[in-house]
Amino acid sequence: FRAMHDVTAIVYANIGVLYSIVLGLLAVHSQERWVSIRETAEIEASYVAGIGRSANALDDSTGTLIRLNAANYARAVAETEWSDEMQGASAEAAAALERLWHSILVMERTTDRDLLISQTIVDLATELEQARMRRVSLMREHISDLLWSILIGGGVVMVFFLVLFTPEHDNIHTVLVVAVTLVISAVLILIFSYEHPTEGAMAFPPHAYL
């Protein structure tokens, strides 16, 4: 029995190392994705604001239309795309972006000043579209069901192996089992929260767009 106990300890240690590596890598990946979504959303919103400020330099109705369409796009993102179920893309926001581009492309460019302003707005709109594509791509990127199965199954195996040990002090063994269970559960909950940046405990609201 003693020999079998020693073998179990070695197996547990090896599984623990592998599981810890996988758990740590996915935790870091989820956090980096969460940070990237937040930064990209703030950058995208800053381009919308830049378009609106640049349009203020236009005296005709075109500037007013551009500002209105820019505001409508930001509102559409905040109201229809800021959801994990939507996964970053909605028909309303896409249509609002098309209307914004149309109002930009029909600008009159009669003077050098108009040309400079229009080029600035076009550059900002191009950067806006690229930031939008990156945000949508990041929001669609999730940990697969297979990896979740490995994470949860691995956690169960870790706790199960620990329970199998026959310690000399039952109280210490109980505390150890509870501690390992709590740590694994906490990390899994953290990863799950990072996976849902628009809902749940780690969610951040679309203040930048609003």
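The basis for the numbers below is simple: all heavy atoms, side chains too, and nothing from hydrogens, waters or symmetry mates.
Remark: the Glu92 side chain and the Tyr73 side chain contain no N/O donor-acceptor pair separated by less than 3.5 Å. The closest side-chain donor-acceptor pair between His29 and Glu195, if any, does not fall under 3.5 angstrom. Looking only at atom types and distance, the side chain of Tyr209 has no donor-acceptor partner in the side chain of Glu79 under 3.5 Å away. Asn72 and Arg99 share no side-chain donor-acceptor pair at under 3.5 Å.
Closest of all the heavy-atom pairs between Ala41 and Trp82 is CB-CH2, 3.7 Å. In terms of heavy-atom proximity, Glu199 sits nearest to Ser83 at OE2-OG, 3.7 Å. When all heavy atoms of Ile191 and Ser30 are compared, the pair lying nearest together is CG2-OG, 3.5 Å. Considering every non-hydrogen atom in both Ser118 and Met107, the closest pair reads CB-CE, 3.4 Å. In terms of heavy atoms, Arg53 sits closest to Ser46 at NH2-O, 4.5 Å. Minimum interatomic distance between Gly16 and Ser20 (heavy atoms only, all atoms of both residues): O-OG, 2.7 Å.
Separation of atoms CE (Met158) and CG (Leu23) is listed at 9.5 Å; rounding is to 0.5 Å. Separation of atoms CG (Leu26) and CG (Leu190) is listed at 12.0 Å; rounding is to 0.5 Å. With values rounded to the nearest 0.5 angstrom, Arg134 atom CZ is found 4.5 Å from Leu138 atom CG. How far CD of Glu44 is from CD of Glu39: 14.0 Å, rounded to the nearest 0.5 Å. Rounding to the nearest 0.5 Å gives a distance of 9.0 Å between OG1 of Thr181 and CG of Leu176. For the atom pair CD (Gln31) and OG (Ser36), the distance works out to 10.0 Å, reported to the nearest 0.5 Å.
Residue Phe192 qualifies as open at atom CZ: its count of foreign heavy atoms under 6.0 Å is 12 or below. Summarising the local packing, CG of Asp145 is surrounded by 12 or fewer heavy atoms from other residues, nucleotides or ligands at distances under 6.0 Å.
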Would you check, one step at a time, whether the test side-chain contact (heavy atoms from CB on, under 4.5 Å) holds for Ile15 with Leu18? CA-CA 5 Å; Ile15 293 177; Leu18 292 175; 5.8 Å; no

Please lay out, stage by stage, how Thr62 and Ser103 fare under the test side-chain contact (heavy atoms from CB on, under 4.5 Å). CA-CA 7 Å; Thr62 302; Ser103 61; 5.8 Å; no

With side-chain contact (heavy atoms from CB on, under 4.5 Å) as the test, would you mind laying out the steps for Arg140 and Arg135 before giving the verdict? CA-CA 9 Å; Arg140 285 174 174 169; Arg135 173 180 58 80; over 6 Å; no

The test is side-chain contact (heavy atoms from CB on, under 4.5 Å); show your working for Tyr19 and Ile184 and say whether it passes. CA-CA 10 Å; Tyr19 181 74; Ile184 292 176; 3.4 Å; yes

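If you chain together hydrophobic residues whose side chains sit under 4.5 Å apart, Ile143 and Met139 never meet in one group. Val106 is not connected to Leu68 by any chain of hydrophobic side-chain contacts under 4.5 Å among Ile, Leu, Val, Met, Phe, Trp and Tyr, and they are in different clusters. Put simply, Val163 and Val157 are part of the same group of oily side chains (I, L, V, M, F, W, Y) that touch within less than 4.5 Å, one to the next. Tyr47 and Leu105 fall within a single hydrophobic cluster, where Ile, Leu, Val, Met, Phe, Trp and Tyr are joined by side-chain heavy atoms under 4.5 Å apart, directly or via other members. Hydrophobic clustering places Val22 together with Val187 (ILVMFWY residues linked when any side-chain heavy atoms are closer than 4.5 Å, directly or through intermediates).
Contact of the Trp101 side chain with the Glu129 side chain is registered, since non-hydrogen atoms from C-beta on lie closer than 4.5 Å. Between Val48 and Leu100 the shortest side-chain heavy-atom distance does not fall below 4.5 Å. Side-chain contact check for Leu128 versus Leu97: some heavy-atom pair is nearer than 4.5 Å. Looking at heavy atoms from C-beta onward, Ser54 lies in side-chain contact with Leu124 at the 4.5 angstrom threshold. At least one side-chain heavy atom of Ser144 sits less than 4.5 Å from a side-chain heavy atom of Leu147. Between Asn171 and Val175 there is no side-chain heavy-atom pair separated by less than 4.5 Å. Side-chain contact between Thr80 and Arg75 is absent, with no heavy atoms from C-beta onward closer than 4.5 Å. In this structure, the side chains of Leu58 and Thr64 stay at 4.5 Å or more apart for every pair of heavy atoms.
With hydrogens and angles ignored, the 3.5 Å screen pairs no side-chain donor or acceptor of Thr40 with any backbone N or O of Ile37. At distances below 3.5 Å, not a single donor-acceptor pair connects side-chain atoms of Ser137 with backbone N or O atoms of Met133. Side chain of Arg38 to main chain of Phe204: no donor-acceptor pair is present (N/O by atom type, distance under 3.5 Å, no hydrogens or angles). Here the side chain of Trp34 pairs no donor or acceptor atom with the backbone of Ala203 at under 3.5 angstrom. Judged purely by atom type and a 3.5 angstrom limit, Ser185 has no side-chain atom pairing as donor or acceptor with the backbone of Leu182.
Remark: of the listed residues Asp123, Ile117, Ile121, Asp123 is the sole one forming a side-chain contact (heavy atoms from CB on, under 4.5 Å) with Gln119.
Looking at Arg132 and Glu81, a side-chain N of the basic residue comes within less than 4.0 Å of a carboxylate O on the acidic one, giving a salt bridge.
The aromatic rings of His196 and His142 lie tilted to each other, with the angle between the two planes from 30° to 60°.
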